[in-house]
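Just so it is clear, the model here is predicted, and its values are computed rather than measured. Naming: A, B, ... by sequence-line order, numbering from 1 per chain. These values consider heavy atoms only, across backbone and side chains, with no hydrogens, waters or symmetry-generated copies.
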Amino acid sequence: MKLECRIDADAEHELHRHDLLEISVLLENEAKFKLLDREYRGAAGDVFLFRPYEPHYNLAADPRRPIRWILVLFSASVVRLIPGGYRLLYPFYSQEVCPHLPAASPYAARIREAAMAAYEEQEEQLPGWESKQFMHFTDILVNLYRYSLEQAESAGESEPAVDAGVVAAVEHILKHLTEDIDVRELIALYGKGKTCFYSRFRQAVGVTPNRFIHRLRMQVAMHLLKTTELSITDIAFECGYSSIPYFNKHFKQYRDISPREYRNRVRRAM
DNA sequence: TTGAGCGTCGTTAATTGATC
DNA sequence: GATCAATTAACGACGCTCAA
């Protein structure tokens, strides 16, 4: 787990991605957040969550007014240390949860307080500060989870079910995203029957395992098309596809245009 | 939880088009 | 002309759902 308080005046910045889960708590001034293709305007007190592999950035809306924000980065496996912690990952794996918690929400306020307390512990480094910081970190996750439950409830959805087996499967996917992933391995990691696995996975993530894998791979592909000079063939292999026609077919399904056209459009827009 | 079965996935090969 | 990218068709493998 990594926690830092940053002050940034950048107004231009490349989209970036990583395999970690990320929470940003905006403390001062206005920011522009971008997640995938959606842009959000953030005010002081707002909280944003970024899912693994989703390209994103967070920048000062006005370079003359630098943003101050707390960044919390962690890997999914950290929740093993929390009783019932697997459930707390639901907001990061479900597409149903809005990544932007406005400052007015009581959950955002509690998350902001917990993040600041966690940061203060780190700064002061009093005896036992790591334990105290972890306690605040747990508090952040619990509030995010409760917020997502409230969202699910208002949308008329049933309570999400994230259990240890689903998290193990998701972790395996994230770790081996660009390699061949056999769903049978995921079922073995889950440890119960395949029907149960498919049902729980869909409940937690919102899509089937294969679709989840493709969604992440497409995000990697879009990022590489935008930010590198790699050929489309190389990008396909880099993203875990061993068949170019299949990569093209998927890309077109995902974006409605071919990879080459996507790259051309991005370059024209720059 | 299991197994059957349908539908989709993923690969290969051939061909065409675009770009340098 | 060479290389890279896109498209299409065919087919076996596998993912996923449903009923028992």
Mind calculating the distance between [atom1] ([X]) and [atom2] ([N]) to the nearest angstrom?
{"X": "A:F197", "N": "B:dT2", "atom1": "CZ", "atom2": "C1'", "value": "17 Å"}
{"X": "A:Q253", "N": "B:dT8", "atom1": "CD", "atom2": "P", "value": "11 Å"}
{"X": "A:I187", "N": "B:dT1", "atom1": "CD1", "atom2": "P", "value": "12 Å"}
{"X": "A:I232", "N": "B:dG17", "atom1": "CD1", "atom2": "P", "value": "18 Å"}
{"X": "A:R200", "N": "B:dT1", "atom1": "CZ", "atom2": "P", "value": "11 Å"}
{"X": "A:Y198", "N": "B:dT2", "atom1": "OH", "atom2": "P", "value": "14 Å"}

5' precedence on DNA chain C between A:S231 and A:P245 (nearest-nucleotide basis):
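Its nucleotide being nearer the 5' end, the pick is A:S231.
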Ring geometry between A:H100 and A:F48 (parallel below 30°, tilted from 30 to 60°, perpendicular above 60°)
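Ring orientation of A:F48 relative to A:H100: parallel.
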Should the ring pair A:F74 and A:F137 be called parallel, tilted or perpendicular, given that the plane angle runs from 0 to 90° and is split at 30 and 60?
perpendicular
Below 4.5 Å, heavy atoms only, C-beta onward: do A:M218 and A:F247 meet side chain to side chain?
yes
Check every strand shown and say whether [X] touches a base, only sugar-phosphate, or nothing at a heavy-atom separation below 4.0 Å.
{"X": "A:K194", "answer": "base"}
{"X": "A:N248", "answer": "base"}
{"X": "A:T233", "answer": "sugar-phosphate"}

Consider only side-chain N and O atoms of A:E150 and A:Y107, and report whether a donor and an acceptor are under 3.5 Å apart.
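A:Y107 and A:E150 do have a side-chain donor-acceptor pair below 3.5 Å.
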Side chains of A:Y190 and A:H172: is there a donor and an acceptor less than 3.5 Å apart?
no
Compare side-chain N and O positions of A:R211 against OP1 and OP2 of B:dC9 and report whether any pair is under 4.0 Å apart.
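Result: yes.
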What are the bounds, 5' to 3', of the part of DNA chain C that sits under 4.0 Å from heavy atoms of chain A?
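Terminal contacting nucleotides, 5' to 3': C:dA5 to C:dC18.
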Mapping A:C196 and A:D180 onto DNA chain B by nearest heavy atom, which one lands closer to the 5' end?
A:C196
Is the distance between the ring centroids of A:F201 and A:Y198 under 6.0 Å?
no
Is A:T195 side chain donor-acceptor paired with the B:dT2 base, going by distance under 3.5 Å alone?
yes
Determine whether a donor-acceptor pair (N or O, by modelled atom type, separation under 3.5 Å) exists between the side chain of A:D46 and the backbone of A:A43.
yes
